[in-house]
Visitor: 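Below: one structure in structure tokens.
Quick note on labels: first sequence line is chain A, next is B, and so on, each numbered from 1.
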There are 2 protein chains.
Amino acid sequence: MDNYVQILKKNGLKVTPQRLEILKYLDTHRTHPTADTIYSDLKKTTPSLSKTTVYNTLQHLGEHGLVYTLTISGSELRFDSVINPHHHFLCKTCGSIIDIDIECPNARKVESAGGHRIDEVHGYFKGVCASCLKE
Amino acid sequence: MDNYVQILKKNGLKVTPQRLEILKYLDTHRTHPTADTIYSDLKKTTPSLSKTTVYNTLQHLGEHGLVYTLTISGSELRFDSVINPHHHFLCKTCGSIIDIDIECPNARKVESAGGHRIDEVHGYFKGVCASCLKE
DNA sequence: TATCATGTTGTAATGATTACAAGTTAGGGA
DNA sequence: TCCCTAACTTGTAATCATTACAACATGATA
Ligand SMILES: [Mn+2]
Ligand SMILES: [Mn+2]
Ligand SMILES: [Zn+2]
Ligand SMILES: [Zn+2]
């Protein structure tokens, strides 16, 4: 848990029990959960938790690059504390979001060619996962 | 306009004035508009148009692969009638979505390695566009 | 031209996210 | 260690995109 304290301090964020809980949750549940899932699960052990705090915290963590905010689903945001560059696969059958451990080889090229400054790279694949294909 | 009729017929979709209008709109406004923007603009010349029809039509067109539904913004869907594979850049300053004319080189590889069936590939970059960087 | 499945419309409901105001707390300085 | 205050948390209300639904209209087919 000291680990999470350091992460927050290093980024100039105040250390609060709620933020530690959310950081820990993301670190130990690598399922790309929604804000509501995080809220519901943490509410069991921290009944005073507010959903607004979950949203606020996720936004802060995102702004500081401590979580990755995925827009893959289109209907709700998904959160990921694994921040090394990787892609994602969304199974339209079972809804699971699977990590794809590759990095976009074109990002820097696009930046220099187009003159844009790229802060975030998102690679999304959608289809049917291997597990669902078997059935 | 006959062009749009052919596109619908070829895909077994009924030809209606509303669908033709929406197809034409997307083809002539390559700005990746929201459903609401399409609705508001078409409403000027077609006052009887319903927003539900815009949503329904976009969903049908999407299911038939005639439009590409972008989840890049996270708060609203964006639509694109240019369906050849390409990536997108979202400027967080001005909000514009810019086409990046590259294709993901990893898609087939991911498919064979992971055993998933990939139906859609989305490559999103987010940052500040060249035009906004100048200011 | 009659039929009917399909499309359209307007309105109401839903669900994720944000706004806001009041109470609470973390953490730097006395 | 204790205060002070800015920052954080909470609960509720509002917002906004999208979907559900039911009544009506229309396009394709025979
Ligand atoms: Mn991930
Ligand atoms: Mn495009
Ligand atoms: Zn699956
Ligand atoms: Zn811009």
Visitor: Once you round it to whole Å, what is the distance between C1' of D:dT9 and CD of A:Glu21?
Guide: 14 Å
Visitor: Could you tell me whether B:Ser48 contacts a base, only the sugar-phosphate backbone, or nothing, with contacts defined as non-hydrogen atoms closer than 4.0 Å?
Guide: sugar-phosphate
Visitor: Using a 4.0 Å heavy-atom cut-off, does B:Thr52 contact any base of the nucleic acid, only the sugar-phosphate backbone, or nothing at all?
Guide: base
Visitor: For DNA chain D, whose closest nucleotide is more 5', that of B:Thr16 or that of B:Arg78?
Guide: B:Arg78
Visitor: Does a side-chain N or O of A:Arg19 approach OP1 or OP2 of C:dA26 to a distance below 4.0 Å, or not?
Guide: no
Visitor: Does one hydrophobic cluster hold both A:Tyr4 and A:Tyr25, with members joined at side-chain heavy-atom distances below 4.5 Å?
Guide: yes
Visitor: Could you walk me through whether A:Thr53 and A:Tyr39 pass the side chain to side chain contact (heavy atoms under 4.5 Å, CB included) check?
Guide: CA-CA 9 Å; A:Thr53 297; A:Tyr39 168 74; over 6 Å; no
Visitor: Do the rings of B:His88 and B:Tyr124 sit parallel, tilted or perpendicular, given the 30° and 60° boundaries?
Guide: tilted
Visitor: Closest nucleotide of DNA chain C for A:Pro17 versus for B:Ser50: which of these residues is on the 5' side?
Guide: B:Ser50
Visitor: If we ignore hydrogens and angles and just use 3.5 Å, is the side chain of A:Thr57 paired with the main-chain N or O of A:Val54 as donor and acceptor?
Guide: no
Visitor: To the nearest angstrom, how far is A:Phe79 atom CZ from C:dT17 atom P?
Guide: 6 Å
Visitor: Got a sec: does the NZ of A:Lys9 have more than 12 other heavy atoms crowding it under 6.0 Å?
Guide: no
Visitor: Run the numbers on B:His32 and B:Ile72 for side chain to side chain contact (heavy atoms under 4.5 Å, CB included), then give the verdict.
Guide: CA-CA 10 Å; B:His32 312 97; B:Ile72 192 170; over 6 Å; no
Visitor: Any side-chain N or O of B:Gln18 under 4.0 Å from OP1/OP2 of D:dT26?
Guide: no
Visitor: Calculate the interatomic distance between B:Asn56 atom CG and D:dA22 atom C1'; express it in whole Å.
Guide: 14 Å
Visitor: DNA chain C: B:Tyr39 or B:Lys14, which has the more 5' nearest nucleotide?
Guide: B:Lys14
Visitor: Expressed as a whole number of angstroms, how long is the span from A:Lys9:NZ to C:dG27:C1'?
Guide: 9 Å
Visitor: Separation of A:Leu58 atom CG from C:dT18 atom P, in whole Å?
Guide: 10 Å
Visitor: At less than 4.0 Å, is any side-chain N or O atom of B:Tyr55 found next to OP1 or OP2 of D:dT19? Yes or no.
Guide: no
Visitor: OP1 or OP2 of D:dT10 less than 4.0 angstrom from a side-chain nitrogen or oxygen of A:Thr53, does that happen here?
Guide: yes
Visitor: Do A:His86 and A:Asp80 have a side chain donor and acceptor closer than 3.5 Å?
Guide: yes
Visitor: Would you say B:Asn106 and A:His87 are linked by a side-chain donor-acceptor pair, where the criterion is simply a distance under 3.5 Å?
Guide: no
Visitor: If I take atom CG in residue A:Leu42 and atom P in nucleotide D:dT10, what distance separates them, rounded to the nearest angstrom?
Guide: 11 Å
Visitor: How many Å lie between CG on B:Asp36 and P on D:dC16, as a whole number?
Guide: 11 Å
Visitor: Does D:dT18 have OP1 or OP2 sitting under 4.0 Å from an N or O in the side chain of B:Gln59?
Guide: no
Visitor: Within this structure, what is the NE2-to-P distance between A:His60 and C:dA26, rounded to whole angstrom?
Guide: 16 Å
Visitor: Could you give the angle between the helix axes at the two ends of the helix from C:dT1-D:dA30 to C:dA30-D:dT1, with five pairs per end, rounded to 10 degrees?
Guide: 40°
